[in-house]
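Please read all numbers here as calculations on a predicted model, not as lab measurements.
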Amino acid sequence: MQIIHKDLKKGQVKVAIENFDDLWYLSAIIEDGDILRGKTQRKMKIGDGDNAKTVQKTIMLSIKIEKVEFHKYSNILRASGKIFEGTEDIAKGSYHTLNLEPNVIVSLQKQKFLGFQIEKLKEATKKKSKIMICVLDREQASFAVMKQYGYEILSELKGSVQKKDSPEIIKKSSFYQDIRKLIEEYDSRHGFDKIIVASIAFWKDYLYEELKKSDVSKKILLATCSATGKNAIDEVLKRPEVKQALKDDRIIKEINKVEEIFSEISKEGNVAYGIKEVKQAADVGAVSALLVTDSLIHEYREKEIFYRLDKVMKTVDSAQGEITIVSGDHDGGQKLDGLGGIAALLRYKVS
């Protein structure tokens with residue numbers, strides 16, 4: 001994301017959306033009551049009577065947000081509301097939807113930017129590491145690319161290895177060559193900074209011998225896992241060697257924060273979870289760190305009760321509490337969803 005103009009004291013920011021990850025960031029920043037301005041297509045009637053016709057025109061509109069919809073895999077963010085400012089031939093107060101996508105420029109006006117929203121803006125402008133994960137066993141490999149909202153499975157590859165074959169025979173199969181070729185193809189397409197290769201036992205070592213034939217070998221980080229597929233990817237992200245290598249990555253930070261929540265729960269420490277308990281703690285200024293999943297935000301917006309969650313977040317922000325929006329697409333977010341999608345570390349226990 002590129003910030004074209006910023007005046008946070010006046011609640012103003014103008015940004016250029018560069019990629020799909022930027023939409024995830026904006027979905028956490030834009031809220032009800034904001035004024036969003038951008039170019040849009042709108043049907044307009046030209047002429048009268050029999051000569052009248054309807055055409056699509058590109059115009060500049062401002063809308064007062066009433067609804068925000070973001071579905072991670074549709075690659076579009078929809079912001080809907082009443083027209084606040086437009087052209088002379090478009091009445092104020094009628095409804096319109098702005099579709100946000102890459103290569104679009106929009107201006108956002110808020111009454112006040114909350115601390116976590118400012119952090120999201122900063123985060124969105126930073127260069128992100130491009131990371132691929134490959135997990136494999138003797139006859140299957142899964143490939144995923146890390147996103148700001150978790151990770152996306154790219155593909156799965158099946159080998160033709162017979163289970164009774166010895167390791168020596170397996171090493172001679174074309175399975176590892178096929179994996180290498182696919183890794184090279186993905187790397188040429190995305191330009192990864194790191195490629196994590198993980199497996200049960202020694203399979204990753206056999207693959208690494210094959211990868212040494214390629215320039216991608218310089219990007220390889222080896223790790224161990226006890227499963228395959230999606231479960232293995234979640235496991236790999238928790239491995240100490242991976243955490244150390246990716247310590248500045250947002251997903252690792254989210255996973256660590258969720259693990260801290262569960263650690264406090266296990267020892268009955270200063271922690272609250274579920275909307276009711278967290279609200280009670282927020283109301284008395286006890287929340288030092290608030291974690292909310294993006295899936296809970298989406299659910300509350302769908303049910304048109306987001307104002308309840310929004311009030312809790314603003315209360316925490318006003319008390320200088322840290323707020324983290326956690327993606328529900330990785331293991332940490334899924335575990336937090338199991339607690340109701342919201343939890344907080346407390347400055348002190350609340351009875």
Side-chain angles (χ1 to χ4, degrees), residues 21 127-159 161 163 167 170-171 173-260 262-263 326-336:
D21 283 342
K127 183 182 181 299
K128 312 296 187 306
S129 295
K130 296 180 181 179
I131 301 165
M132 185 174 79
I133 301 174
C134 171
V135 294
L136 71 148
D137 61 8
R138 61 185 294 146
E139 54 187 2
Q140 177 180 323
S142 300
F143 304 84
V145 58
M146 292 183 68
K147 305 291 243 179
Q148 293 310 305
Y149 49 77
Y151 54 83
E152 177 185 344
I153 300 293
L154 293 171
S155 66
E156 292 193 343
L157 182 66
K158 296 284 186 181
V161 180
K163 290 190 176 181
I170 291 170
K171 286 173 67 177
S173 77
S174 65
F175 185 41
Y176 297 103
Q177 294 175 21
D178 294 339
I179 295 175
R180 172 178 59 80
K181 289 176 184 177
L182 197 50
I183 288 176
E184 288 173 337
E185 180 185 331
Y186 285 135
D187 185 56
S188 66
R189 193 185 307 172
H190 297 278
F192 293 115
D193 298 298
K194 288 187 183 296
I195 300 170
I196 301 167
V197 173
S199 76
I200 304 167
F202 43 72
W203 311 112
K204 63 182 180 296
D205 301 311
Y206 289 162
L207 175 59
Y208 187 61
E209 288 301 314
E210 180 66 31
L211 290 171
K212 283 181 180 178
K213 303 173 184 177
S214 171
D215 289 339
V216 299
S217 61
K218 301 171 185 176
K219 303 179 180 183
I220 300 299
L221 170 66
L222 298 179
T224 302
C225 59
S226 59
T228 56
K230 185 176 183 298
N231 291 338
I233 295 170
D234 288 325
E235 182 184 350
V236 166
L237 290 174
K238 295 180 183 178
R239 293 289 303 173
E241 63 270 31
V242 174
K243 281 187 174 183
Q244 182 59 34
L246 308 179
K247 60 185 178 181
D248 291 330
D249 188 82
R250 186 189 60 79
I251 295 174
I252 297 298
K253 291 179 180 178
E254 290 179 8
I255 290 173
N256 288 339
K257 286 179 180 179
V258 173
E259 288 180 353
E260 188 177 354
F262 277 86
S263 174
V326 179
S327 171
D329 276 10
H330 56 69
D331 183 62
Q334 290 156 18
K335 288 173 70 175
L336 186 57

Identify all side-chain donor-acceptor contacts of residues 221-228 below 3.5 Å with residues at least two apart in sequence or on another chain.
from	atom 1	to	atom 2	distance (Å)
Ser226	OG	Glu235	OE1	3.0
Ser226	OG	Glu235	OE2	3.2

Tightest non-hydrogen contact, residues Phe175 and Ala141, listed as CZ-N, 4.0 Å

Applying side chain to side chain donor-acceptor pair (under 3.5 Å) to Lys194 and not counting sequence neighbours gives none

For this session: Determine whether Arg239 and Ile196 make a side-chain contact, defined as any pair of heavy atoms from C-beta on separated by less than 4.5 Å.
Result: no

When rounded to the nearest 0.5 Å, the distance separating CD1 of Ile220 from CD1 of Ile183 is 5.5 Å

Rounded to the nearest 0.5 Å, the CG atom of Leu237 sits from the NE2 atom of His330 at a distance of 8.5 Å

Contacts of Ser188 meeting side-chain contact (heavy atoms from CB on, under 4.5 Å) (sequence neighbours excluded), chain-then-number -> none

Between Phe143 and Met132, the two heavy atoms sitting closest are CD2-CE, 4.3 Å

CH2 (Trp203) and CD (Gln140) are apart, to the nearest 0.5 Å, by 13.5 Å

Applying ring-ring contact (aromatic ring centres under 6.0 Å, His included) to Phe192 and not counting sequence neighbours gives His190

Sorted by chain and residue number, the side-chain contact (heavy atoms from CB on, under 4.5 Å) partners of Lys147 (sequence neighbours excluded) come out as Asp21, Val145, Tyr149, Glu152

Sorted by chain and residue number, the side-chain contact (heavy atoms from CB on, under 4.5 Å) partners of Ser214 (sequence neighbours excluded) come out as Arg180, Glu184, Val216

Taken in chain and number order and not counting sequence neighbours, the residues that satisfy side chain to side chain donor-acceptor pair (under 3.5 Å) with Tyr186 are Ser155

Mind checking whether Ile133 and Tyr151 have side chains closer than 4.5 Å, heavy atoms only? no

List the steps and the verdict of side chain to side chain contact (heavy atoms under 4.5 Å, CB included) for Ile255 and Asp234.
-> CA-CA 10 Å; Ile255 290 173; Asp234 288 325; over 6 Å; no

Heavy-atom check, side chain of Ser199 versus side chain of Leu207, under 4.5 Å: no

Sorted by chain and number, sequence neighbours left out, salt bridge (charged side-chain N to carboxylate O under 4.0 Å, His left out) with Glu260 holds for none

In short, Ile153 meets Ala144 closest at the heavy-atom pair CD1-CB, 4.0 Å

Could you walk me through whether Lys219 and Asp187 satisfy the side chain to side chain contact (heavy atoms under 4.5 Å, CB included) test, starting with their C-alpha distance in whole Å, then the side-chain angles of each, then the deciding distance to 0.1 Å, before giving a yes or no? CA-CA 10 Å; Lys219 303 179 180 183; Asp187 185 56; 2.9 Å; yes

Minimal heavy-atom distance between Leu211 and Ser217, with the atoms involved, is O-CB, 3.3 Å

To the nearest 0.5 Å, atom CG of Leu157 lies from atom CG of Asp178 at 6.0 Å

For Lys212, the salt bridge (charged side-chain N to carboxylate O under 4.0 Å, His left out) test, sequence neighbours excluded, returns Glu209

With sequence neighbours left out, the residues meeting side-chain contact (heavy atoms from CB on, under 4.5 Å) with Lys335 are Lys238, Val258, Phe262, Asp331

Across all chains, not counting sequence neighbours, the salt bridge (charged side-chain N to carboxylate O under 4.0 Å, His left out) partners of Glu156 are none

By salt bridge (charged side-chain N to carboxylate O under 4.0 Å, His left out), Lys213 pairs with (sequence neighbours left out) Glu210

